[in-house]
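As the structure lists them, so they are numbered: ligands from 1, and atoms in each ligand from 1. This one's a predicted model, so the numbers in the text were calculated from it and none came from an experiment.
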Amino acid sequence: MDKFIIQGGRSLSGMIRASGAKNAVLPAMAACLLAPGRSVLTNVPNVMDVRTMRRLLVRLGAKVDFEDNRMTVDVPEKLKCEAEYEIVKQMRASYYVLGPLLARFGRAKVSLPGGCSIGARPIDLHLKGMEALGAKIQILHGYVEAQGRQLKGARVLLAGTHGVSVGATINVMMAAALAKGITLIESAALEPEVVSTAQMLISMGADITGAGTPVMTIAGVDGLRPAETRMIPDRIEAGSLMIAAAISGGCITIEDCRPDHLGAVIEALRAMGVKVAAGDEMVTVEARRRVKPIDLTIAPYPGFPTDMQPQMMALMATATGLSVITETIFENRFMHVPELQRLGADIKIEGKSAVIKGVPESTGAPVMGSDLRASAALVIAGLKAEGKTEVNRVYHLDRGYERWERKLKKLGAKIRRVHEPMAV
Ligand code: EPZ
């Protein structure tokens with residue numbers, strides 16, 4: 001198990017590129033299954049979740065080559081239609097194969113993902129959507145078994161108790177692309193990853209309008225063809241780097257990013273007194289003094305993303321006063337709080353909110369990430385903490401951040417990866 005050793009206190013400076021978006025690539029890889037033949041994806045980040053998805057596609061019968069951030073997915077006429085627990089338990093986004101397999105082959109068997117460290121994360125909306133398209137769904141022995149020889153377009157309302165769903169919107173859109181007739185997705189998620197998947201499907205021959213709005217219309221077509229698609233930049237990685245620069249009191253420029261996907265993050269940072277200059281596919285962040293406190297409520301896009309809540313909390317912990325973050329999307333996404341406290345943060349949890357009293361100094365300590373974004377927050381906090389911070393279990397971070405220690409090092413951070421053999 002690897003860990004990071006960070007020596008805090010260095011200001012970040014320089015230029016860095018954002019990688020392709022993990023959360024856009026995972027559905028894109030599943031979307032390749034909709035068309036027999038060779039699809040090409042470029043700007044694909046080499047992160048663990050992408051490699052896990054690759055293993056899943058290979059198990060289903062596809063041939064996947066992945067080199068230099070370019071992936072080719074060769075999809076045969078026939079595929080195995082089962083995503084096994086062994087893979088799904090490692091990565092929930094495996095559920096993205098449900099829609100494509102069901103739409104193309106009339107059946108799919110996908111393991112239920114089980115628990116998750118940030119909340120219960122049910123998949124009822126995915127299943128509701130497939131049922132609305134005419135699939136028969138059974139849960140047997142921990143697996144979702146879906147059958148539906150010819151899916152039929154329908155009206156599908158995809159709002160749940162926690163609001164819209166990125167995953168369900170994408171999954172139902174992929175299934176509806178090959179259904180007979182017209183599907184109307186109401187309460188669709190607006191995230192850029194939904195739009196990028198829709199654009200990819202359109203380039204494959206799908207008839208989709210309204211992506212990026214709450215109502216999407218999908219007119220089913222008889223077949224789709226493979227296409228070449230460039231992945232959008234990772235807005236969460238870019239945002240995490242912006243916060244890293246701000247906490248370090250530095251100035252960095254991030255290239256190949258989409259400031260238009262980062263509106264809420266830019267607004268929050270500016271309100272905290274951070275200078276942010278957004279250009280065409282680049283953004284410069286400069287923070288020369290302690291940030292000001294703000295109150296923030298997490299919300300689906302275009303609101304402030306839940307995937308940046310832990311990183312933002314790390315920054316707030318260094319602010320000149322009291323900040324409040326209210327998390328509305330996942331019920332258990334404060335697991336990083338006790339770890340930030342180990343670094344000297346003053347944070348209290350009150351229901352869905354965290355009250356963060358900024359402190360001028362923090363001190364390095366050994367800490368442990370509980371999930372991908374919590375780990376990013378701890379790395380960010382470690383950049384500021386005086387002395388040595390040891391972030392354990394960086395395999396969480398490796399799921400979604402491409403060569404992050406190298407990027408941070410390039411920007412001047414003192415950080416190194418240490419490989420630790422597993423204890424027996
Ligand atoms: C995507 O997860 C992202 N994952 C998550 O990023 C992200 O946190 C989340 O969207 C919200 O933005 C990928 O894109 C692979 P949701 P997803 O369905 O699609 C509830 C990261 O760190 N819900 O939009 O699974 C759900 O429990 C990850 O990169 C249902 O109730 O999230 C949550 O409260 C973590 N029933 C809310 O909706 C369902 O059937 C939003 O979840 C589906 C979801």
Where the closest heavy atom to atom 9 (C) of ligand 1 is concerned, which of Tyr301, Phe330, Tyr96 has it? Phe330
Can you tell me which residue and heavy atom of the protein come closest to [atom], and the distance to 0.1 Å?
atom                    : answer
atom 19 (O) of ligand 1 : Gly167 N, 2.8 Å
atom 36 (N) of ligand 1 : Asp124 OD1, 2.7 Å
atom 4 (N) of ligand 1  : Asn23 ND2, 3.7 Å
atom 20 (C) of ligand 1 : His162 CB, 4.1 Å
atom 10 (O) of ligand 1 : Val166 CG2, 3.6 Å

Check: Arg59 and Ile87 side chains under 4.5 Å, non-hydrogen atoms: yes
Inspect the contact between Lys109 and Glu84 and indicate whether a charged nitrogen and a carboxylate oxygen are less than 4.0 angstrom apart. no
Under 4.0 angstrom from ligand 1, any heavy atom of Ser165? yes
Does Ile170 come within less than 4.0 angstrom of ligand 1, counting non-hydrogen atoms of the residue? no
Test of proximity, Pro122 against ligand 1: N or O pairs below 3.5 Å: yes
Looking only at distances, please establish whether an N/O atom of ligand 1 is found under 3.5 Å from an N/O atom of Glu191. no
Quick one: does ligand 1 sit under 4.0 Å from the side chain of Leu125, the backbone, both or neither, non-hydrogen atoms only? both
Can you tell me which residue pairs pass the side chain to side chain donor-acceptor pair (under 3.5 Å) test with a partner in residues 252-272, sequence neighbours excluded? Arg17-Asp256, Thr253-Thr284, Arg258-Asp260, Arg258-His261
Subset of ligand 1 atoms that lie under 4.0 Å from at least one heavy atom of Arg373: 21 (C), 22 (O), 29 (O)
